[in-house]
Amino acid sequence: MTETSSTPPTAGDAHEAPRGRLQRLMRYIPLVAPVLLWAVPCGVLLYTGQHWPLPVTLTATALFVAGLVGMPLAMARGHGRRQQDWAAIIGDTLLGSAWVLFVWSVLLGVLLRLALTVAGVGDGQDRARIVTWAVLGVSAALLAWGYYEARRVPRVRRLDVELPRLGAGLDGTRVVLITDTHYGPLDRARWSERVCETVNTLEADLVCHTGDIADGTADRRRAQAAPLGTVEATRARVYVTGNHEYYSEAQGWVDLMDRLGWEPLRNRHVLLERGGDTLVVAGVDDVTAESSGLAGHGADLAEALTGADPDLPVLLLAHQPKFIDRAAAHGVDLQLSGHTHGGQIWPFHYLVRLDQPALAGLTRHGTRTQLYTSRGTGFWGPPFRVFAPSEITLLVLRAAS
């Protein structure tokens with residue numbers, strides 16, 4: 001006998017079907033995205049009225065097909081079980097190049113062709129070929145510039161942040177933030193040294209690293225991370241985990257940072273005292289820690305603030321900006337985050353904003369809480385930064401005037 005229920009569906013049930021369909025759709029994105037990234041530029045540059053000589057068309061088409069096949073294979077070998085750095089470099093570079101080519105094929109393929117048509121420039125073939133050369137020229141220039149932006153030592157971004165509850169004795173406290181260094185397949189040991197040398201010129205009281213140190217285990221990326229041990233601060237150097245640590249044996253990174261002289265703030269806090277006043281500096285594990293299966297890891301702000309005087313101002317380190325809701329609920333004064341990379345390669349930031357409440361800079365949340373989101377010190381995957389420059393951040397804390 002089958003039991004039935006006369007209870008009408010709830011509003012939550014009504015939302016489950018669309019959510020389920022969206023989740024099923026998301027599963028196909030890894031299959032569809034590479035095809036779009038390579039097929040759209042191929043069509044725009046070769047098959048929209050250019051009438052290239054047959055050898056040119058066949059050769060260029062073969063290159064696009066090679067990219068379509070080679071990119072997923074290289075990324076699978078580079079970021080999958082084999083973890084082959086040479087394959088990761090090829091796959092990541094192809095991914096960044098395809099994204100830039102796709103974006104500008106769409107933009108110039110429509111806008112420039114329309115402008116040329118309105119202006120009456122040439123015939124259909126002339127306009128199609130102008131679009132092709134324009135797309136290739138703009139893409140090549142952006143990739144060259146983006147590579148330089150990704151590999152250079154970040155510029156220092158300085159700003160004053162007023163915290164109304166900050167005591168006068170702490171006015172002028174200098175906090176340096178680095179984040180998302182992403183040491184990885186490209187050896188950046190010398191870059192790491194130069195970043196740390198730059199940090200040491202800033203005369204920081206507190207230096208913070210808000211996670212995503214590397215792509216790979218601590219044993220594998222130790223040489224690139226080692227210069228972090230040379231960072232200087234008059235009070236403390238503190239660190240919290242990012243989501244990428246949980247892809248690469250997070251506890252190994254916590255242990256290495258501890259050996260390098262940094263204090264891992266895993267759901268705990270330290271006190272920064274100066275001039276008779278005190279600042280609570282707290283940190284939490286990344287929000288992905290709970291699903292990592294790693295025992296003892298998980299974001300717990302209540303635990304991080306246990307024992308702290310609730311009347312004292314709180315500076316919180318949390319890797320992802322979306323932790324700000326919990327921070328505001330606990331009355332945190334300032335949260336420092338990274339994770340977004342500022343989008344890294346324009347216009348990817350529109351997708352990032354679907355997941356995060358802030359992309360970069362200082363924002364206010366609620367009556368007390370402020371959030372500073374760094375665009376990151378390094379880069380993830382594709383070695384390009386387009387309209388999203390990296391940064392080393394110097395925040396000077398100010399008491400209320």
Side-chain angles (χ1 to χ4, degrees), residues 153-154 156 170 173-184 187-242 244-246 248-274 278-286 289 294 296-297 304 307-308 314-319 334 336-338 374 376-378 390-397:
V153 174
V156 176
L170 287 163
T173 297
R174 298 168 71 85
V175 179
V176 171
L177 170 62
I178 58 176
T179 184
D180 299 274
T181 43
H182 282 286
Y183 303 124
D187 186 1
R188 286 179 286 155
R190 176 55 188 150
W191 175 87
S192 181
E193 292 173 2
R194 294 170 64 198
V195 166
C196 295
E197 289 167 1
T198 301
V199 169
N200 288 342
T201 67
L202 301 178
E203 301 177 338
D205 298 299
L206 177 71
V207 180
C208 309
H209 194 307
T210 53
D212 279 8
I213 295 179
D215 297 302
T217 64
D219 287 341
R220 195 171 185 186
R221 308 301 183 202
R222 184 186 305 271
Q224 295 183 58
L228 293 174
T230 68
V231 168
E232 299 170 358
T234 62
R235 292 295 192 274
R237 298 174 294 174
V238 292
Y239 154 73
V240 294
T241 56
H244 278 253
E245 277 86 330
Y246 291 98
S248 308
E249 300 175 9
Q251 189 59 48
W253 281 110
V254 172
D255 295 341
L256 177 60
M257 290 296 278
D258 188 37
R259 288 195 295 272
L260 291 174
W262 292 68
E263 290 195 56
L265 296 182
R266 296 200 49 249
N267 303 321
R268 54 183 289 265
H269 70 269
V270 295
L271 301 178
L272 192 155
E273 300 175 340
R274 197 179 77 172
T278 303
L279 173 68
V280 177
V281 180
V284 292
D285 292 340
D286 183 63
L294 196 59
H297 285 252
V314 177
L315 171 66
L316 173 68
L317 277 62
H319 178 65
L334 176 62
L336 302 183
S337 299
S374 168
T377 309
S390 55
E391 65 179 81
I392 296 169
T393 317
L394 172 60
L395 301 138
V396 181
L397 306 185

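- With sequence neighbours excluded, no residue satisfies ring-ring contact (aromatic ring centres under 6.0 Å, His included) with Tyr183.
- Side-chain N/O atoms of Thr181 and His209 include a donor and acceptor closer than 3.5 Å.
- Between Arg266 and Val254, the closest side-chain pair of non-hydrogen atoms falls below 4.5 Å.
- At a threshold of 4.5 Å between non-hydrogen side-chain atoms, the residues Asp258 and Pro264 count as touching.
- Shown here for Val280 and Leu271, the closest heavy-atom pair between the two residues is CG2-CD2, 3.8 Å.
- The backbone N or O of Thr234 sits nowhere less than 3.5 Å from a side-chain atom of Asp205 that would complete a donor-acceptor pair.
- Expressed to the nearest 0.5 Å, how far CG of Leu206 lies from CZ of Arg237 amounts to 11.0 Å.
- In this structure, CD1 on Ile213 lies 12.0 Å from CD on Gln224, to the nearest 0.5 angstrom.
- Using a 4.5 Å heavy-atom cutoff, the side chains of Ile392 and Val176 are in contact.
- With Thr377 contributing its side chain and Glu391 its backbone, the two residues share a donor-acceptor pair below 3.5 Å.
- The shortest distance between side-chain heavy atoms of Pro154 and Val195 falls below 4.5 Å.
- Here the straight-line distance linking atom CG of Leu256 with atom CG of Leu228 works out to 8.5 Å at 0.5 Å rounding.
- Under a 3.5 Å cut-off, the side chain of Asp180 and the backbone N or O of Asp212 do not form any donor-acceptor pair.
- Atom CD of Glu249 has 12 or fewer heavy atoms from other residues, nucleotides or ligands within 6.0 Å.
- Scored by the salt bridge (charged side-chain N to carboxylate O under 4.0 Å, His left out) test, Arg188 finds no partners at all (sequence neighbours excluded).
- One N or O on the side chain of Asn200 and one on the backbone of Glu232 form a donor-acceptor pair closer than 3.5 Å.
- Taking CH2 from Trp253 and CG from Leu260, the interatomic distance works out to 9.0 Å, rounded to the nearest 0.5 Å.
- Two residues are said to be in side-chain contact when any heavy atoms from C-beta on lie closer than 4.5 Å; Leu317 and Tyr239 fail this criterion.
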Intermediate values then yes/no, side chain to side chain contact (heavy atoms under 4.5 Å, CB included), Ser337 and Thr210: CA-CA 6 Å; Ser337 299; Thr210 53; 5.7 Å; no
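- Looking at heavy atoms from C-beta onward, Leu394 lies in side-chain contact with Arg174 at the 4.5 angstrom threshold.
- Smallest separation of non-hydrogen atoms from Cys196 and Pro227: SG-O, 3.3 Å.
- Residues satisfying the salt bridge (charged side-chain N to carboxylate O under 4.0 Å, His left out) criterion with Arg190, sequence neighbours excluded, are Glu193, Glu197.
- Counting heavy atoms from C-beta on, the side chains of Leu170 and Leu397 never come closer than 4.5 Å.
- Atom CG of Leu336 sits about 4.5 Å away from atom CG of Leu315, to the nearest 0.5 Å.
- Using a 4.5 Å heavy-atom threshold, the side chains of Leu177 and Val175 count as separate.
- Taking all atoms of both residues into account, the shortest heavy-atom contact from Thr173 to Arg274 is N-NH2, 3.4 Å.
- In terms of modelled atom types and a separation under 3.5 Å, the side chain of His269 and the main chain of Ala304 share a donor-acceptor contact.
- We find the OG1-NE2 distance between Thr241 and His319 to be 8.5 Å, quoted to the nearest 0.5 Å.
- Nearest heavy-atom pair, Tyr246 versus Leu294, reported as atom, atom and distance to 0.1 Å: CE2-CD2, 4.1 Å.
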